[in-house]
Student: 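Just dropping this structure here.
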Amino acid sequence: MRFDASDEQRQLGVTTRRFLESTVPVSGLRLLGEKNPAGFDRDWWRRAADLGWASLLVPETLGGSGAPGAGLASLADLAIVAEEYGRGVAPGPLLPASVAAWTLAQAEQSENVGAALDAIGAGEAVWAWVRGEGGDPWPQSPPSVRAVPAGNALSLTGTAGAVESGADADRLLVAVCLGDDVAHLAVPAELAGLERRRVSSLDLVRRHADLHFDGAVVPRTAVVIGVDRGRALLERQGHIANVVQCAEMVGAASRSFAMTLAYATERYSFGRPLASYQELKHRFADMKLWLEASEAAVEAAVAAVAADAPEAAARVSTAKLYVGRAAADVVQDCIQIHGGIGVTWEHDLHLYLRRVTTGRQLMGTPAEHTEHLASLLGL
Amino acid sequence: MEQHTEPFRRRLRQWLPDHMPREDGPPRTGSARDPARHRELQRRLFDGGFAGLTYPAAYGGQGLTAEFQEVFNQEAAGYELPTLCNVTLGILGPTIVDFGTEEQKLRHIPAILRGDEMWVQLLSEPAGGSDLAGCITRAVRDGDVWVLNGSKIWSTNAHISDFALCLARSNWSLPKHRGLTMFIVALHQPGLDIEPITQANGDAEFCQEFITDLAIGAADTLGAENAGWEVVSRLLYHERNLAGAASPYTYGLVAEGTPVAPTAPELAEVARAAGTAHNNRVRALVAEAHALDAIQEQLVERIGTGIALGTLQATSGSLLRLFEITKVLFCSNASVDIARSEVVVWPEGTAGSLGGQFLMRQSAALAGGSIEMQRNIIAERVLGLPREHAPDVGVPFDSVPHNAPSTRR
Ligand SMILES: Cc1cc2nc3c(=O)[nH]c(=O)nc-3n(C[C@H](O)[C@H](O)[C@H](O)COP(=O)(O)OP(=O)(O)OC[C@H]3O[C@@H](n4cnc5c(N)ncnc54)[C@H](O)[C@@H]3O)c2cc1C
C-alpha cells in the first residue's frame, strides 16, 4: 500500500485482513484445500463478495462497489485487497471475478449484462476468465480459443490451459480469435463440445482447469465485446490481471518477511539471536529493499493502468519482471533463514511460496515480460 | 513564493535556449568536466534566477519546492549543466543552511549559488572511512583559534575546490560520537597540503590532505564545539539523498564522481556498437536496466513520501542508496556481458571507457558509505535488528583501540 494511502484505503486493508484472518485463517488452508476441490466455499465467497471485493472495478452506477465513471479509479483499492489476499494466501476467485466484472461493465449494457454483473458482485455466480496459458508467450499471445461463424452462431475450438476456477465456474468469459481479430464472449460453463479437465495446482486453494473446446456452439449474442474493441480490451485485461497478481505477490512475500524477521529475532544460535548475525542482517536489508521496490513497481503500474497511460504496458511488464523474481527470492530466502523447519509441510512458508510461484509463472513469466519490455523499448 | 510550476516551466523554456549551451554529446562526467566552465554555467543560472531553486530566498535561493527542481531537470535535459557543483549544492550547501550561523550562511550560500565557491567533504581518513565517528584528526583549541593536525583522504575534487567541511576530534576523553567538531576550512592555505591520488583507471579525481598545524578561527566551526556528529549525520542524510537519486537540490541524477557504469540507454548503445543488440540475452539485460530505472523513480517517490509523512525514519534513505548501488552493479556487469573485446582492447587515441569503468566498479559501492554500511543501517536502524557488538561505545575515545595515524607516503 502507498504510504500516502487515504484513510478509507487503510480501512479497506484492515477490514479485508480481519475478514480473512477470522474466516479463512492460514492455519486452515491445508484442510480447506483437501476437502474442497474448488479450493473455496461458495457460501464463504458470497460473504466475501458482500464486502464489495468482486465488483471493485464496476462503477456504482452499474451496481458495483467501485468509483463512478468508466475509468479504473478503483484499481488501487483492488490492489489493496489483492495485497491482503497474498498476505493471507486467501482462497476465492478474486482475479477472474474482477476481470469478468470489469469486462462486462465495458460491454453494451442490457438486462442480461446487468443481471450478470449483479450476480458476480453478489458472489452468486462464479466466473472464470478463459484466456489461455501454455501457448505463445504472454503478454502478446493471441487467445488460444478460436471462434468460427456457423450461421447465426459461433463454433469454438481450441484449448485454454490453466484457467483459474475453470472447473468450478458457472459462467465463462472467453477471449477468442475471430478471423484476424479478438472478441470476448460470455457463455455458460456447461456446454456441449466443451470439456473442462481439472489439473493439479501448486497452490493448495487456487485451482485450475484446462478447457478443451471442440466445436462448442454458442449464439452470436454471446459476444459481449466485439472485434472493434476486442484486442485493446484484451490488453487491458492483461494489465489488470498482472497488477492484481503482482500486488498479491507483494503481500505474500511481505508476510513471509515479517514472520521471518520475528523468528530470527527470537531464535538463538551460539548464544545470540540469529538476527544479530551480520550475514543475516544484510540479507534482511536486501529483502526489505526488494519489497519496497516491488511496492513501488506496483504503485507505478496501478497508476499507469488506471490512467490508461501510454506507458501502461511498460509499467506492467516492469512490475511483473521485478516482482515475480523478487517475491519468490524473498520467500526462498525466508525459508533458508528458518532452517529445516522451513521446508516442512507443517510450516506455513510453503503456502506463501506456492502462492508467489503461481503468480510468478502465470500470465507471463518474468522472462516473458522482460522480452516484452525489450520490444516495447524498441530494442 | 511561486505556487504553480507551469508559469515557471514556460519561463524556463524561454530562457534556456538563449542562456545555456546545448550538450553536444552525452553529458560529460568525471575528469572530462572543466571546473571553470561549470562555475561559469552555475553563474549563468544564478543570473537568470534559476540557481538554488529549493534554497531559502534569504540566502540567494529561490525558496521553491522540490517540484520546481523536478520541472527544471525535465526542461533542462539536453543542456549542459554545472553537474560538477552537485556535491556542493546537494550536500555541503544544505548542511550549512541547516547548521550555519546567520553570518556563515550570508557569507557562503550566495557565493555557492553564484558558482564562486565549490566545497568538498573532508571526512574519511587513512585510518578509516566507514567508522566516521572514529575520526582521529586532532583539533586543539588555543584561545581564539583551533589548531588541526592529521590527514584526510578520498576527498573528491578537493584540488579544484575552495572550501571544505572538515571533521576533527576536539575532545579525546569523551565517547567517540561526543568529542567531534565540524570545521569550515578554506582549502588553499598554509598548513594544508592537497595531493591528488591516481585511481585504478588512471584518472585523478580524489585527493589526500595533509594537515599540519592548520589554524582555524573559533567562529569557523559549523555547529557547536563537540556537536560535530549531529552535523555529520545531517550531512550524510543529504549525501544519501544525492547518491540515492533523490536530492531536491541538484541538477538531474548525475551524482558524485565519474559514473562507473553505463546507464540503461547507454547500454542499448553499447549493444548496437558491439553488434549484439539482437541477441535475446542482451535485449533482456537492457530491458532489465530500463526496468530498474523505472522502479527507482517510483521508489524515490515512495520512500520520500514515507519520510515526509513520518511513517519512515530518515535513515530509510539508505534503501535508496542501496537500490542505486545494486542498479549500478547490475549495469556494470551487463555492460561487460553486452560488449565484447572492446572492454579490453580499443583503438589508440580513443577513451576505452567500458574497461576503465569496470576497473572502478566498486567505487559505486564505497563512495558515500559502503554497501555494507547501507545494509547495516537498514538492518539496525530501519528494521530494528540487534546492533553489532562494539567495544568503543560509551567509553572515553582515548581508551579505544584504533588504527595509527598515517605517515606521509
Ligand atoms: C570515488 C570515491 C569518492 C569518495 N569521495 C569522498 C569524499 O569526497 N569525501 C570523503 O570524506 N570520503 C570520500 N570517499 C571515501 C568513502 O566514503 C570511503 O572509502 C568509505 O566510507 C569506506 O571507507 P574506507 O575506504 O576507509 O574503508 P573501511 O572503512 O576501512 O572499510 C573497508 C571494508 O570493510 C567494510 N566494513 C567496514 N566496517 C564494517 C562493518 N561494521 N560491517 C561490515 N563491513 C564493514 C567496508 O564496507 C569496506 O568494504 C570516497 C570514496 C570513493 C571510492
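Basis for what follows: all heavy atoms, side chains included, without hydrogens, waters or symmetry-related copies. Throughout, a chain's letter reflects where its sequence line sits, starting with A, and its residues are numbered from 1.
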Student: Give, for atom NZ of Lys288(A) and atom CG of Leu385(B), the distance between the pair rounded to the nearest 0.5 Å.
Tutor: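 Output value for this atom pair is 11.0 Å.
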Student: Less than 6.0 angstrom from the centroid, inside 45 degrees of the normal: does Arg131(A) satisfy that with respect to the ring of Trp138(A)?
Tutor: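 Judged by the rule (NZ or CZ under 6.0 Å from the ring centre, within 45° of its axis), Arg131(A) counts as positioned above Trp138(A).
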Student: More than 12 foreign heavy atoms under 6.0 Å from CD of Gln313(B): is that the case here?
Tutor: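 It does: Gln313(B) CD has more than 12 such atoms within range.
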Student: What I want to check is whether the side chains of Glu388(B) and Asn376(B) have a donor and an acceptor closer together than 3.5 Å.
Tutor: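 No, Asn376(B) and Glu388(B) have no side-chain donor paired with an acceptor closer than 3.5 Å.
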Student: Given that the side chain runs from C-beta out, which part of Ser276(A) has a heavy atom under 4.5 Å from chain B: side chain, backbone, both or neither?
Tutor: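 Its backbone and side chain both get close to chain B.
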Student: As an exercise: rank His389(B), Arg375(B), Arg302(B), Glu372(B) by heavy-atom pairs under 4.5 Å with chain A and give me the winner.
Tutor: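 Top option by heavy-atom pairs under 4.5 Å: Arg302(B).
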Student: Under a 4.5 Å heavy-atom cut-off, does chain A meet the side chain of Leu292(B), its backbone, both or neither?
Tutor: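 Contact with chain A involves the side chain of Leu292(B) alone.
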Student: As a test of understanding, state which of Val356(A), Val298(A), Leu291(A), Asn242(A) forms a side-chain contact (heavy atoms from CB on, under 4.5 Å) with Val323(A).
Tutor: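 Looking at Val356(A), Val298(A), Leu291(A), Asn242(A), the match for Val323(A) under the side-chain contact (heavy atoms from CB on, under 4.5 Å) is Val298(A).
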Student: Given that the side chain runs from C-beta out, which part of Arg283(A) has a heavy atom under 4.5 Å from chain B: side chain, backbone, both or neither?
Tutor: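 The answer is neither part of Arg283(A).
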Student: Scan side-chain atoms only and decide if Asn333(B) and Arg361(B) contain a donor-acceptor pair under the 3.5 Å cut-off.
Tutor: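 Side chains of Asn333(B) and Arg361(B): pair found under 3.5 Å.
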Student: In plain terms, say whether Arg325(A) and Glu288(B) are close enough for a salt bridge, that is, a side-chain N and a carboxylate O under 4.0 Å apart.
Tutor: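 Yes, this pair counts.
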Student: Between Thr311(B), Thr326(B), Leu312(B), who has the most heavy-atom pairs with chain A when the cutoff is under 4.5 Å?
Tutor: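 Highest number of heavy-atom pairs under 4.5 Å: Leu312(B).
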Student: With rounding to the nearest 0.5 Å, note down the distance linking CZ in Arg267(A) to CZ in Arg272(A).
Tutor: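 Rounded to the nearest 0.5 Å, the CZ-CZ separation comes to 15.0 Å.
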Student: Residue by residue, which of residues 273-284 of chain B have a heavy atom closer than 4.5 Å to a heavy atom belonging to chain A?
Tutor: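 Asn280(B), Arg283(B), Ala284(B), listed by number.
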Student: Check the side chains of Gln69(B) and Thr54(B) for a donor-acceptor pair under 3.5 angstrom, ignoring hydrogens and angles.
Tutor: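 No, no side-chain donor-acceptor pair sits under 3.5 Å.
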Student: So which part of Leu289(A) gets closer than 4.5 Å to some heavy atom of chain B, the side chain, the backbone, both or neither?
Tutor: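 Both the backbone and the side chain of Leu289(A) come within 4.5 Å of chain B.
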Student: Where does Ser317(A) contact chain B at under 4.5 Å (heavy atoms): side chain, backbone, both or neither?
Tutor: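 Answer is neither: Ser317(A) stays 4.5 Å or more from chain B.
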Student: Given heavy-atom pairs under 4.5 angstrom as the criterion, report whether the side chain, backbone, both or neither of Arg272(B) touches chain A.
Tutor: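 It is neither, since no heavy atom gets under 4.5 Å.
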Student: Please classify the contact between Leu309(B) and chain A as side chain, backbone, both or neither, with a heavy-atom cut-off of under 4.5 Å.
Tutor: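 Contact with chain A: side chain only.
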Student: I'd like to know if Glu21(A) and Arg18(A) make a salt bridge, using a cut-off of under 4.0 Å between side-chain N and carboxylate O.
Tutor: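 Here Glu21(A) does not pair with Arg18(A) in a salt bridge, since their nearest N and O are not under 4.0 Å apart.
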